[in-house]
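Structure record follows, encoded as structure tokens.
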Protein chains: 4
Amino acid sequence: MTSPTRPSKEDVLTAFRRSALLESARRVFGECGFERATMERIAHEAGVAKGTIYLYYSSKQRMYDEALNEGLAELDGMTRVRVEQAPTLRDAIAAFISARTDYFLERREFFRMYVAAVAGHITERHGRPSEFRSLITKQTRRLEARIARGMDAGEIRDVDPAATARAIFDLTRGLVARKLFLGRGAAETAHPDEAEFLTTLIWDGLGPDRRPGTPRTAAATRKKTMTKRQR
Amino acid sequence: MTSPTRPSKEDVLTAFRRSALLESARRVFGECGFERATMERIAHEAGVAKGTIYLYYSSKQRMYDEALNEGLAELDGMTRVRVEQAPTLRDAIAAFISARTDYFLERREFFRMYVAAVAGHITERHGRPSEFRSLITKQTRRLEARIARGMDAGEIRDVDPAATARAIFDLTRGLVARKLFLGRGAAETAHPDEAEFLTTLIWDGLGPDRRPGTPRTAAATRKKTMTKRQR
Amino acid sequence: MTSPTRPSKEDVLTAFRRSALLESARRVFGECGFERATMERIAHEAGVAKGTIYLYYSSKQRMYDEALNEGLAELDGMTRVRVEQAPTLRDAIAAFISARTDYFLERREFFRMYVAAVAGHITERHGRPSEFRSLITKQTRRLEARIARGMDAGEIRDVDPAATARAIFDLTRGLVARKLFLGRGAAETAHPDEAEFLTTLIWDGLGPDRRPGTPRTAAATRKKTMTKRQR
Amino acid sequence: MTSPTRPSKEDVLTAFRRSALLESARRVFGECGFERATMERIAHEAGVAKGTIYLYYSSKQRMYDEALNEGLAELDGMTRVRVEQAPTLRDAIAAFISARTDYFLERREFFRMYVAAVAGHITERHGRPSEFRSLITKQTRRLEARIARGMDAGEIRDVDPAATARAIFDLTRGLVARKLFLGRGAAETAHPDEAEFLTTLIWDGLGPDRRPGTPRTAAATRKKTMTKRQR
DNA sequence: CATGAATGAGTTTTCATTCAT
DNA sequence: AATGAATGAAAACTCATTCAT
């Protein structure tokens with residue numbers, strides 16, 4: 001029942017160190033960005049000496065990449081679970097939003113890393129294109145699939161599932177950014193149930209076609225367009 | 001009718017220099033980010049010597065701030081004009097999206113600057129809090145006002161205008177990012193009329209209330225929920 | 001009468017700086033070797049700040065290479081001139097020895113650089129094979145050619161000119177090393193006219209064949225081998 | 001007759017370890033030079049852990065010194081034996097050359113160490129002057145003595161035995177350097193019997209005085225200078 | 001005895017900023 | 001005003017050496 005080679009004490013210790021260093025790295029990279037972060041500080045915050053880092057990571061860049069990728073993978077995993085457990089498509093959308101919001105709200109520094117990393121990749125032409133990019137695009141794959149299923153099941157009207165998933169992704173991203181932006185108390189901070197608002201907004205946006213000219217308020221609908229909608 | 005002191009030749013030259021330097025700064029900061037950008041290169045691309053920059057900007061940071069703020073102001077101005085010219089709220093939303101998309105697509109380096117700057121401000125506690133932040137929040141003010149007006153006029157149902165404007169803002173931001181992300185031809189690039197898709201999505205999302213449980217497809221509507229909707 | 005583009009003041013200044021830096025580099029590299037030499041110290045000895053070096057040399061290695069190559073070229077040039085001016089082959093050999101001895105004695109630090117560089121190239125397989133190596137082999141080319149000419153002219157017996165040049169080269173190298181080794185006063189320091197001794201040794205070694213068994217002293221010669229030599 | 005305390009098992013093991021470490025050190029120091037050699041690699045090549053080295057050698061420098069001195073002593077021993085076994089002075093010279101050539105050709109890395117070490121001592125004023133220097137000068141002592149004996153026996157003309165021994169030493173050194181320099185196949189590589197050439201060159205150089213003006217080729221001798229030589 | 005993780009001093013290199021011309 | 005040579009602070013990274021296990 002035990003695994004054939006039980007992790008030795010060293011392995012455990014090594015894993016622990018790596019994890020602690022990554023934690024520290026995420027904090028410092030998040031706070032300062034890649035360039036302004038210093039290995040000295042990362043080491044200090046992890047409670048080790050500068051040189052020690054290099055026993056675990058061969059360079060600052062490697063450490064950064066690993067911290068980023070690990071966070072993205074974790075985020076992706078949590079999102080996936082929550083989305084898959086949702087019974088309806090509406091719940092899935094709400095789950096997507098709240099899963100990511102929750103994750104980032106507990107790791108504000110990581111959100112910053114993440115945003116900066118995406119920013120860094122926008123116009124850059126440097127080497128490794130696929131690695132990071134695929135991690136990004138993977139983030140919406142699950143949701144996209146779920147939307148497609150819901151569309152087939154008649155839960156929503158015919159839309160481009162990928163574009164829809166991206167829209168939800170972007171709204172979530174903006175929501176999180178704003179919650180972290182300037183901290184709480186700022187006038188522009190989203191009110192607590194902005195997530196619910198977004199879900200409703202999207203959900204209604206995905207409803208049956210409304211032709212141009214269709215009145216937009218319930219009141220107007222009641223008075224003027226009942227017949228049209230009934231067709 | 002003329003201004004009391006007509007701009008002297010020197011003033012014109014100075015303005016020209018500052019503008020050329022800012023242009024160059026935007027390009028380099030956009031391409032490299034703040035840290036990796038060098039004054040040397042900014043100077044070179046502007047066709048002046050390194051020391052000359054310091055006659056116009058007291059530090060790299062100041063130059064960066066000014067380049068950023070100027071761009072944001074310009075973007076804001078263009079957006080405002082286009083939004084104000086739109087006859088209906090739907091047109092205003094479409095105008096907001098296209099104005100910003102067009103602007104950024106012609107200045108990808110600036111978009112990168114902008115994104116990085118926002119990222120940099122998310123968790124940071126460093127000094128100047130208001131300046132940049134107010135520029136950001138200003139971006140949605142006009143649209144927010146327009147939405148509020150449209151709401152009052154019954155063009156859309158009752159929503160939080162600020163939250164709605166932010167949603168549109170975020171969707172636009174995501175759209176632009178994706179268009180610049182990995183350049184054209186990438187599988188995940190938005191298809192050409194994603195802007196139209198977003199406008200429709202939002203517009204429909206802003207339509208009359210649909211209660212939970214309401215069927216979402218036109219077909220379903222026809223069959224099952226006609227009575228409910230008519231109430 | 002003036003050259004078409006007279007060297008500008010900057011060019012002169014630049015050349016001067018480069019030369020002063022190279023001088024300093026030669027001193028420090030010579031004293032400490034490549035690894036132990038610090039840019040800090042080279043800069044300090046040249047009377048400039050650390051960063052200034054990098055305005056003239058892109059890296060420590062480049063600086064080292066240039067210092068070495070320049071010295072070798074200069075040494076080669078001086079040797080060539082002296083050798084070519086020598087009327088007889090014997091004089092050429094003596095000139096070769098004394099030219100190099102004189103050169104190195106005035107630049108002991110450079111000799112050390114030179115020796116270390118050769119040592120470093122002995123077993124190494126790293127990149128640039130030809131550059132340095134060709135400079136080394138070039139050192140004996142002139143002498144080799146002169147020896148060949150002297151041989152054709154009957155000044156010496158038939159020998160391998162290249163091997164002979166190399167032998168003279170090695171003897172000179174050893175002579176210099178010893179003169180610099182542990183400074184003056186050491187018991188093993190060569191006596192002043194060791195150069196003359198070497199010249200004679202070589203010169204006699206290059207004389208007409210002496211068959212094995214031939215008596216070696218003048219006395220013996222006089223008594224026993226006169227007839228043989230006359231054959 | 002036996003030593004008072006027979007070497008214990010530990011002593012043997014210790015000796016073995018020290019020897020293995022020295023072997024490894026010689027290889028790595030030879031390949032990389034003192035500075036670029038790492039204790040890590042030396043340990044690895046010796047099959048022990050880094051810390052273990054410090055149980056046998058108190059520092060990198062000490063290890064280097066010992067590796068060097070041991071090698072020099074061994075070289076010296078082998079040379080001495082071969083020289084002493086030579087029946088004639090000519091044989092002794094040939095033996096000196098071949099003994100050292102053979103030794104170094106089997107230990108190229110050590111030759112590099114040796115050359116670098118000598119280079120390092122040329123101008124340096126750092127502490128330990130005598131230790132290394134005496135080892136170097138000892139290298140020629142035996143040969144010098146043998147030459148002196150041969151001179152007394154009339155085998156060669158009157159020369160400075162020390163200077164002569166040094167000349168042979170330098171020629172040998174150059175020969176070896178060239179054989180290792182750039183590996184085989186290079187145009188400038190000495191041809192196989194350069195050792196024999198050197199022996200002859202020296203041997204002839206040590207023959208009876210030839211006065212200035214004396215013709216140098218057998219042919220010339222025959223025609224022009226017979227009378228002079230007979231005087 | 002042996003180990004190898006941890007340390008931190010020391011080195012190269014970059015680049016914003018200054019200032020003499 | 002404009003220049004660009006000079007500066008030196010700052011940061012990544014290496015590696016001999018130590019020491020707890």
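Residues meeting the side chain to side chain donor-acceptor pair (under 3.5 Å) test with A/Glu35, sequence neighbours left out: B/Arg36. Scored by the side chain to side chain contact (heavy atoms under 4.5 Å, CB included) test, A/Ala43 finds A/Val48, A/Ile53 as partners (sequence neighbours excluded). Applying the side chain to side chain donor-acceptor pair (under 3.5 Å) test to C/Asn69 and every residue at least two apart in sequence or in another chain returns nothing. Partners of C/Tyr114 according to the ring-ring contact (aromatic ring centres under 6.0 Å, His included) rule, which considers only residues two or more places apart in sequence or in another chain, are C/Phe104. Under the side chain to side chain contact (heavy atoms under 4.5 Å, CB included) criterion, C/Tyr64 pairs with C/Phe29, C/Phe34, C/Gln61, C/Leu68, C/Met113, C/Ala117, sequence neighbours left out. Evaluation of the salt bridge (Lys or Arg N to Asp or Glu O under 4.0 Å) rule for D/Lys50 yields D/Glu40 as partners, not counting sequence neighbours.
Applying the salt bridge (Lys or Arg N to Asp or Glu O under 4.0 Å) test to every pair with at least one member in residues 19-29 of chain B, sequence neighbours left out, gives these pairs: B/Glu23-B/Arg27, B/Arg26-B/Glu70, B/Arg27-B/Glu45.
Scanning residues 22-29 of chain D for heavy-atom distances under 4.0 Å to DNA chain E yields an empty list. Taken residue by residue, residues 48-56 of chain A places heavy atoms nearer than 4.0 Å to DNA chain E at A/Val48, A/Ala49, A/Lys50, A/Gly51, A/Thr52, A/Leu55, A/Tyr56.
A nucleotide of DNA chain E counts as in contact with chain D when one of its atoms lies under 4.0 Å from a heavy atom; the first and last such, 5' to 3', are E/dC1 to E/dA6.
A stem is defined here as three or more consecutive Watson-Crick or G-U pairs, each with both distances under 3.5 Å; for DNA chain F these stems are E:2-21 with F:2-21.
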Could you tabulate the donor-acceptor pairs under 3.5 Å formed by side-chain atoms of residues 15-22 of chain B, not counting sequence neighbours?
from, atom 1, to, atom 2, distance (Å)
B/Arg18, NH1, B/Tyr56, O, 2.9
B/Arg18, NH2, B/Glu66, OE2, 2.8

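If you check every strand for non-hydrogen atoms under 4.0 Å, D/Thr14 touches sugar and phosphate atoms only.
In this structure, B/Arg17 atom CZ and F/dA1 atom P are separated by 10 Å, rounded to whole Å.
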